[in-house]
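Lettering follows sequence order; numbering is per chain, from 1. A quick note: this is a predicted structure, and the numbers were derived from the prediction, not measured.
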Protein chains: 2
Amino acid sequence: MARNKRDIDKEAKRTEIVAAAHALFIQKGFDETTMGALATSVGVAPNTLYWYFANKDELLLAVLDSTLLSLHRDFMARQFSSFDEHLFWLYEQLLACNSLVTTVHARVIVSEPVAEWHTRFHHMLDAMFTWLLVQAGVAPAKVSGWLDVCTLTLEGLLSHRYEAARAQRALSALLTEIC
Amino acid sequence: MARNKRDIDKEAKRTEIVAAAHALFIQKGFDETTMGALATSVGVAPNTLYWYFANKDELLLAVLDSTLLSLHRDFMARQFSSFDEHLFWLYEQLLACNSLVTTVHARVIVSEPVAEWHTRFHHMLDAMFTWLLVQAGVAPAKVSGWLDVCTLTLEGLLSHRYEAARAQRALSALLTEIC
DNA sequence: ACCTGAACACCGTTCAAGT
DNA sequence: ACCTGAACACCGTTCAAGT
């Protein structure tokens, strides 16, 4: 996309803003991060942010996309020996940005673009779980029934911030029963 | 609690406000319901609400409590022939106020009283599911492992507003495997 | 005791103006 | 093209004043 130096600079600035927003959204939360605070963290006037992003929700979408992209990158760079290891790794990764999960669910109701992103995200999760379950030897006919249980349990564990031990126990209960 | 006429009037007014807030929170959502809109809906000045409730979160807590109370009342007035029927009934009841579920999860992070209410609510759900699972003949040793899976799946189905058929399928997958 | 008008602090966003 | 100061609309909340 970025053709000339000007485009590259603009892209770099966008990336810088998204990085700062990512840090603040996770540290303070989306609602608690004001555009003013984000602006000072980047060293710019609040309204300057609106030259790069139409509004706060588009900024959220950019943060979500970049988070998912780096998650995917890390995933590809790893080898997993078992279904368990795979699932727990994913759990730990997502736990680091669990406040984003809650934020998405809150904004889905009021923002159409966020709702679309949320749908796409779940399609991705579904595809991943289907692959994992089939890989683990679950009969394809039974997969569809378990899909939502797996996804929702995982998401619930994140948004409720359960201690690692409890999350482990719940995921284990699921796994031993399915496989 | 209400001793004399004055207390009764005050309690009645509080109940009226809570009822109006309940309707608006469910119809429009918590964030999208301004104190001003709620005030006009009750026919009073916005700041009058602060004579009855310290802030918007306390109003939310009152709505949550009243919702839970009437749910409990309805529950007691019913007979359930099976675990399935019981669970689906609960699902349908909670679906009617699913936006409150999302709101609670969003406010838990920032409001201590809401966090306490949320903890109490999950204790209640845990107790209920334990009772149901034992009733259904699940070995007590296995109950604790399934508890969180049941709770989180139920909550996830609500907050994601899945169509009835899909929710039915997920809950059925859980039930047939557990029992 | 109960209610209100006016005001405050804050926040997302816009706009006209600068370079 | 990129950035800013000033302003706008809105919202939760407070406060002094009314009855």
Task: Nucleotide opposite dA9(D) in a Watson-Crick or G-U pair, distances under 3.5 Å - done: none
Check: protein-nucleotides 11-13 of chain C nitrogen or oxygen pairs below 3.5 Å:
unit_1: dG12(C); atom_1: OP1; unit_2: Lys56(A); atom_2: NZ; d: 2.9
unit_1: dG12(C); atom_1: OP2; unit_2: Met35(A); atom_2: N; d: 2.8
unit_1: dT13(C); atom_1: OP2; unit_2: Tyr50(A); atom_2: OH; d: 2.8
unit_1: dT13(C); atom_1: OP2; unit_2: Lys56(A); atom_2: N; d: 3.0
unit_1: dT13(C); atom_1: O5'; unit_2: Tyr50(A); atom_2: OH; d: 3.3

Task: Test of ring centre spacing under 6.0 Å for Phe129(B) and His122(B) - done: no
Task: Audit row: Arg14(A), Asp65(A), salt bridge (Lys or Arg N to Asp or Glu O under 4.0 Å) steps and yes/no - done: CA-CA 13 Å; Arg14(A) 257 186 76 105; Asp65(A) 280 335; over 6 Å; no
- [ ] Check the pair Lys13(B) / Lys10(B) against side-chain contact (heavy atoms from CB on, under 4.5 Å), numbers first and verdict last.
- [x] CA-CA 5 Å; Lys13(B) 192 88 182 192; Lys10(B) 175 153 185 177; 5.8 Å; no
TODO: Taking Ser66(A) for its side chain and Val63(A) for its backbone only, find out whether a donor-acceptor pair lies under 3.5 Å.
DONE: yes
TODO: Report the distance from atom CZ of Arg14(A) to atom C1' of dA1(D), rounded to the nearest whole Å.
DONE: 16 Å
Task: Pair Arg161(A)-Thr102(A), side-chain contact (heavy atoms from CB on, under 4.5 Å): steps then yes or no - done: CA-CA 11 Å; Arg161(A) 291 144 222 265; Thr102(A) 307; 4.1 Å; yes
Task: Length of the line joining Trp51(B):CH2 and dC15(D):P, which is rounded to integer Å - done: 17 Å
Open item on the list: Using Watson-Crick or G-U wobble geometry with both distances under 3.5 Å, which nucleotide pairs with dA16(D)?
Closed with: dT4(C)
- [ ] Output the single nucleotide from dC2(C), dT4(C), dT4(D) whose closest atom is nearest the side chain of Thr48(B).
- [x] dT4(C)
Open item on the list: Just so I know, are the side chains of Val134(B) and Val143(B) near enough to count as touching, which here means a heavy-atom distance under 4.5 Å?
Closed with: yes
Open item on the list: Classify Phe53(A) by what it touches in the nucleic acid, base, sugar-phosphate, or nothing, heavy-atom distance under 4.0 Å.
Closed with: nothing
